[in-house]
Colleague: 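First the structure, then my questions, so here it is.
Excluded from the calculations below are hydrogen atoms, water molecules and symmetry mates; all remaining heavy atoms, backbone and side chain alike, are included. Throughout, a chain's letter reflects where its sequence line sits, starting with A, and its residues are numbered from 1.
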There are 2 protein chains.
Amino acid sequence: MTLISKSPATAADVARMAGVSTATVSRFMNSPDLLARDTQQAVLGAVKQLNYRPNLAARNLAGGSTNCLGLVLPELGGPFFSELLAGVEEATREAGYHLLVAGTEPHEAFPLAFPSLNQQFVDGTIVFPDTLSPGMVENLAGHPVVLVEVSHPSLPTVAFDPSVGVREAIRHLVCDHGAERIACFAGPVGAEASRRREEACADELRSLGLAADPSLLVRGDWSELAGRQMAERLLEQGRCFDAIFSVNDEMAIGAVREIERTGLRVPDDVRVCGFDDIPQARWMRPALSTVAAPPRTLGRTAAEVLLARITGRPTPSDVQIPTFLVARETSGCGQELEREENTS
Amino acid sequence: MTLISKSPATAADVARMAGVSTATVSRFMNSPDLLARDTQQAVLGAVKQLNYRPNLAARNLAGGSTNCLGLVLPELGGPFFSELLAGVEEATREAGYHLLVAGTEPHEAFPLAFPSLNQQFVDGTIVFPDTLSPGMVENLAGHPVVLVEVSHPSLPTVAFDPSVGVREAIRHLVCDHGAERIACFAGPVGAEASRRREEACADELRSLGLAADPSLLVRGDWSELAGRQMAERLLEQGRCFDAIFSVNDEMAIGAVREIERTGLRVPDDVRVCGFDDIPQARWMRPALSTVAAPPRTLGRTAAEVLLARITGRPTPSDVQIPTFLVARETSGCGQELEREENTS
DNA sequence: TTGAAAGCGTTACCAC
DNA sequence: GTGGTAACGCTTTCAA
């Protein structure tokens with residue numbers, strides 16, 4: 001149809017063709033209502049004919065916004081982060097924004113990845129920091145930011161609220177399936193997300209009259225391998241436990257595999273409940289009972305909060321995403337509960 | 001340390017402080033070697049003191065590059081695409097580029113997502129199109145592009161080479177585990193990736209003297225659900241088969257689950273082999289034998305090829321990523337083969 | 001080796 | 001309502 005010229009049409013081209021000024025073209029692109037009917041028609045015609053698209057870099061330079069959001073994640077593969085990313089991207093795209101994604105090397109310091117995003121290149125950033133360092137906060141100042149799963153006194157946060165889900169899980173293990181000694185598979189010491197889940201677990205145990213045994217609290221780095229190793233260690237030490245609550249699914253899966261490897265049975269000998277509800281929680285056999293904490297919702301919400309901040313709409317400084325128990329086989333329930341689930 | 005002024009330092013600020021012109025600052029940022037020793041030192045000092053970062057939008061506008069790559073994917077969640085993305089991001093970051101990511105709604109037409117990336121906003125784009133429409137190609141013209149898993153006469157492509165892996169898989173099923181009637185679980189009709197795998201499968205069956213039975217070739221939409229349904233249908237129709245080769249892992253997993261649900265056993269009654277080697281292939285029980293086609297490598301390679309094109313380095317127009325068999329339990333092998341595998 | 005100045009494509013302020 | 005025009009921050013000739 002259109003002649004493909006070497007360089008894309010500019011506002012000046014449109015202006016010339018429509019017999020107006022570039023200022024008018026600019027107005028047409030941003031708030032058409034300010035223009036007279038016929039002017040609108042004229043410009044619209046030229047825009048279509050030339051297939052005009054405003055140059056975003058120029059628009060940005062001129063002081064407008066970039067229509068870009070940044071997302072910084074410690075890693076991009078893996079079920080949790082990829083779902084989180086998908087949620088962010090959906091919301092971002094729906095709002096007409098673009099998304100810039102950056103990973104940080106596994107244990108690389110966070111700031112290494114961030115400066116590149118901070119260069120007036122994005123209108124705001126969603127950050128999932130492993131640990132929040134002071135220098136980082138300074139970097140973030142003066143630029144809309146939303147933190148995910150980490151709270152900070154002066155920055156808005158979106159995080160899961162583990163309380164309801166974990167309470168349901170512990171109740172379920174204890175009351176429905178007779179667990180009495182529950183081991184807790186926690187994350188690294190500094191990890192706030194883990195801490196909140198551990199606390200919810202301890203709280204509920206306490207309110208059920210079961211003391212949380214410190215020797216049954218072990219820590220790993222969130223990986224399946226860590227879960228296996230933690231279970232192995234506990235078993236070798238001869239610790240007595242009849243259930244495990246893990247602060248994420250991957251460690252829970254590792255635990256299940258290790259327990260079964262030693263000849264014990266899940267859920268008959270040890271009941272297991274994870275946290276997250278990653279897809280393989282329901283694919284694995286026995287299917288993993290877990291506290292559903294939908295990362296896609298987390299990501300979508302974070303993006304929505306950020307977008308609201310950017311556009312100046314009032315936003316709560318802390319948003320909590322509710323979680324809930326999904327009882328499957330590893331806690332002792334039959335699989336038929338899940339009959340209706342579909343692949344997404 | 002540094003005083004945080006409202007707006008970030010500009011090249012003019014640096015120039016003033018170092019007692020040079022902005023041109024010199026620009027040269028310093030791009031090719032320092034052109035400057036005299038002492039000038040370099042002076043500018044370097046000012047840059048550090050002011051914490052100067054060039055404004056990328058301005059740099060772009062001025063005719064340089066954006067240092068951004070675009071990535072268009074049909075979906076962002078799920079094991080395959082998230083690994084692909086991770087590979088792209090790694091290579092992109094290592095090269096000092098940023099990454100812009102766009103998804104397309106599940107069955108949304110591709111061009112909807114693309115124009116936004118085409119607006120002189122990225123230096124090049126990696127595209128994973130569901131199906132390649134003619135209009136799309138036009139959009140792509142005049143802008144470096146690399147296609148993933150789809151070939152096109154005039155555009156460079158990076159794709160898996162299924163031949164070696166699939167040959168190994170079929171041989172393994174037939175020669176090592178005595179399969180004689182192998183069903184093929186294929187993807188949608190238009191999908192090139194599926195077609196190449198089907199062909200590799202048929203070729204190898206032929207060379208082993210086993211005719212490929214058309215009634216054992218079924219198609220689904222790549223999902224676990226589809227795999228279940230295909231297995232269900234085949235079983236209901238009373239088709240006789242003793243092995244399945246699926247063109248991706250998710251359908252293979254669905255097939256395994258459905259087969260086991262009906263009381264048949266994997267691998268004793270039906271051997272199953274997938275394609276991709278997604279993480280849960282090794283987590284599930286029985287562990288899935290599959291043709292490893294590492295998506296991270298695919299992504300990384302695509303990014304490298306694109307980067308080479310952008311910087312004018314010569315690049316092959318078609319790159320093939322080798323694949324290979326990973327024999328696990330569903331094909332009839334014991335699990336001990338996998339002892340050494342770790343979580344990544 | 002360095003500086004001056006002309007863009008790059010928009011936006012936004014100020015007149016008309 | 002609309003047009004002129006000065007930024008925005010950088011790169012890149014062209015001279016010196």
Colleague: Produce a footprint string for nucleotides 10-16 of chain D: one letter per nucleotide, 5' end first; B if the base is under 4.0 Å from any protein heavy atom, S if only the sugar-phosphate is, - if neither.
Modeller: BBBB---
Colleague: Provide, to the nearest angstrom, the distance between the CZ atom belonging to A:Arg16 and the P atom belonging to D:dG3.
Modeller: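 In whole Å, D:dG3 P lies 14 Å from A:Arg16 CZ.
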Colleague: Can you tell me the distance, in whole Å, between the CG atom of A:Asp13 and the P atom of C:dC8?
Modeller: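 That distance rounds to 11 Å.
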Colleague: Please, which pairs that meet ring pair (Phe, Tyr, Trp, His ring centres under 6.0 Å) have at least one residue in residues 294-320 of chain B, sequence neighbours excluded?
Modeller: none
Colleague: Could you tell me how far apart B:Leu35 (CG) and C:dG3 (C1') are, to the nearest whole angstrom?
Modeller: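 Value for this atom pair: 12 Å.
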Colleague: Return the 5'-most residue of the pair B:Leu34, B:Leu61 with respect to DNA chain C, ranking by each residue's nearest nucleotide.
Modeller: B:Leu34
Colleague: Excluding sequence neighbours, so at least two apart, what forms side chain to side chain contact (heavy atoms under 4.5 Å, CB included) with B:Ala62?
Modeller: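 Side chain to side chain contact (heavy atoms under 4.5 Å, CB included) list for B:Ala62, sorted by chain: empty.
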Colleague: Within this structure, what is the CZ-to-C1' distance between A:Phe28 and C:dA12, rounded to whole angstrom?
Modeller: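 A:Phe28 atom CZ is separated from C:dA12 atom C1' by 19 Å.
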Colleague: Applying salt bridge (charged side-chain N to carboxylate O under 4.0 Å, His left out), can you list everything that pairs with B:Arg309, at least two apart in sequence or on another chain?
Modeller: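 With sequence neighbours excluded, B:Arg309 shows a salt bridge (charged side-chain N to carboxylate O under 4.0 Å, His left out) to no residue whatsoever.
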Colleague: For residues 59-85 of chain B, pull every pair meeting ring pair (Phe, Tyr, Trp, His ring centres under 6.0 Å), keeping only residues two or more places apart or in separate chains.
Modeller: B:Phe81-B:Phe128
Colleague: Sequence neighbours excluded, which residues qualify as salt bridge (charged side-chain N to carboxylate O under 4.0 Å, His left out) partners of B:Asp123?
Modeller: none
Colleague: For the pair A:Glu94 and A:Arg300, find out whether any cationic side-chain nitrogen is under 4.0 Å from an anionic carboxylate oxygen.
Modeller: yes
